[in-house]
2 protein chains.
Amino acid sequence: MTSTERGEAQPLRPTKQRTAVVEALAAFDDFRSAQEIHELIGRAGSNVGLATVYRTLQKLSEVGEVDMLRTEDGEAIYRRCSATHHHHLVCRSCGATVEVEGPTVERWTRSIASEHGYADISHTLEIFGTCPACR
Amino acid sequence: MTSTERGEAQPLRPTKQRTAVVEALAAFDDFRSAQEIHELIGRAGSNVGLATVYRTLQKLSEVGEVDMLRTEDGEAIYRRCSATHHHHLVCRSCGATVEVEGPTVERWTRSIASEHGYADISHTLEIFGTCPACR
DNA sequence: GACGAGTTGACAATGATTCTCAACTGACCT
DNA sequence: AGGTCAGTTGAGAATCATTGTCAACTCGTC
């Protein structure tokens, strides 16, 4: 098994634009659409093409630097994230997000899957609710 | 609290078109896109407008007769389903789907959420893997 | 057999995302 | 410093799922 096989994702070449995206991501805690992020970057003074924002977010999410999920209507939204496997607890009204994790679900999904003979398991899980501030 | 408030979803008026969609849904077990379903209906002899297929699937999913989920690239896919709350175990390569359920996750999400003060909880969970037939 | 709300279909419109391609840039070599 | 080249960028066109529009139709009911 060579070490290059596992899609090592060679480090992205650092450019003005990528820096701008990363900085924009640092500015909020909830999930935002690519367009909103593009907007933020513009507002912050830099000027990065929308296509580039899309490309960058895509790459960052492949590398695991950002989480990507889909809104109800299929729009992709992004957020910087910690490197470890985790899920999200998202406020339905203000979008406030908490990263959550725990062995319970991991164990459950794995056992359910193997019960049915499925291998090579992965899963997605998002929890929605109303946060304390929005009650 | 009146009984009409909770979006009771009055029964859909039965039409040729809706019947055709429901019949098409009966013909497969995995998730299909609206366009594929439209295609199937055509192939089966009926002729239903694409917009109608979209509208119907949307309504059926509101009523809980079909499950809707999003592919990696944001496309909506549908499948008839049982009425009870459940999740899916989907084969990554052939799409074979098993409905799964269990108190474990339900309990876990509820407790995680309330730990963080979130109320009025809901969640989405999909498990992906390779089914026995595709190993 | 007429009426009215719900439904349909053809097609336009929307909107997020991706593609295209020529121009630019960063890292590296000499 | 100049040369080279793969990786990157931007502007706008192109794609494609999905939704809106609106006049014509249909179901159940009177």
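These numbers come from a predicted model, not from an experiment. Numbered from 1 within each chain, the chains take letters A, B, ... in sequence-line order.
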**Asked** Between the side chain of A/Arg79 and the main-chain N/O of A/Leu69, is any donor-acceptor distance below 3.5 Å?
**Response** no
**Message:** What is the distance, to the nearest angstrom, from the CG atom on B/Leu60 to the P atom on C/dT7?
**Reply:** 12 Å
**Request:** Please tell me which of the listed nucleotides, D/dA17, C/dT18, D/dG28, lies nearest to the side chain of B/Glu75?
**Result:** D/dA17
**Request:** Evaluate the side-chain proximity of A/Gln35 to A/Glu39: yes if any heavy-atom separation is below 4.5 Å, no if none is.
**Result:** no
Anything under 3.5 Å between a protein N or O and an N or O of nucleotides 23-25 of chain C, put it in a table, one pair a line.
from   : atom 1 : to      : atom 2 : distance (Å)
C/dT25 : O2     : A/Arg13 : NH2    : 3.3

**Message:** When you group the ILVMFWY residues by side-chain heavy-atom contacts below 4.5 Å and let the links chain together, are A/Leu40 and A/Leu50 in the same group?
**Reply:** no
**Message:** Please report the distance, rounded to the nearest Å, between CG in A/Leu57 and P in D/dT9.
**Reply:** 12 Å
**Prompt:** Quick one: does A/His85's side chain get under 4.5 Å of A/His123's, heavy atoms only?
**Reply:** yes
**Request:** Could you tell me the separation between the CG atom of A/Asp73 and the C1' atom of D/dT19, rounded to a whole number of Å?
**Result:** 11 Å
**Message:** So B/Glu99 and B/His88, do their side chains get closer than 4.5 Å, heavy atoms only?
**Reply:** yes
**Complete:** With the side chain defined as heavy atoms from C-beta on, B/Tyr54 is closest, among D/dG28, C/dT17, D/dT19, to D/dT19
**Message:** Looking at A/Arg80 and A/Asp67, is there a salt bridge between them, counting it only when a charged N and a carboxylate O are closer than 4.0 Å?
**Reply:** no
**Request:** Please report the C-alpha distance between A/Thr104 and B/Arg107 in whole Å, then the side-chain angles of each, then the deciding distance to 0.1 Å, and finally whether the side-chain hydrogen bond (donor to acceptor under 3.5 Å, both in side chains) criterion is met.
**Result:** CA-CA 10 Å; A/Thr104 311; B/Arg107 227 183 287 120; over 6 Å; no
**Request:** Give a yes or no on whether B/Phe31 and B/Val66 share a hydrophobic cluster (residues Ile, Leu, Val, Met, Phe, Trp, Tyr; joining criterion: side-chain heavy atoms under 4.5 Å apart).
**Result:** no
**Request:** Whole angstrom is fine here: how far is it from CZ in B/Arg70 over to C1' in D/dC16?
**Result:** 14 Å
**Request:** Tell me which residues in residues 15-51 of chain A put a heavy atom below 4.0 Å from DNA chain C, sorted by number, or none.
**Result:** A/Gln35, A/Ala51
**Message:** Distance check needed: C/dT18 C1' versus A/Gln58 CD, whole Å only.
**Reply:** 9 Å
**Prompt:** If you take atom types as modelled and just measure distance, does the side chain of B/Arg55 reach the base of D/dG20 with a donor-acceptor pair under 3.5 Å?
**Reply:** no
**Fill in**
Separation of C/dT17 atom C1' from A/Lys59 atom NZ, nearest Å, is 15 Å
**Request:** Check for a donor-acceptor pair, side chain of B/Arg18 on one end and backbone N or O of B/Thr56 on the other, with a separation under 3.5 Å.
**Result:** no
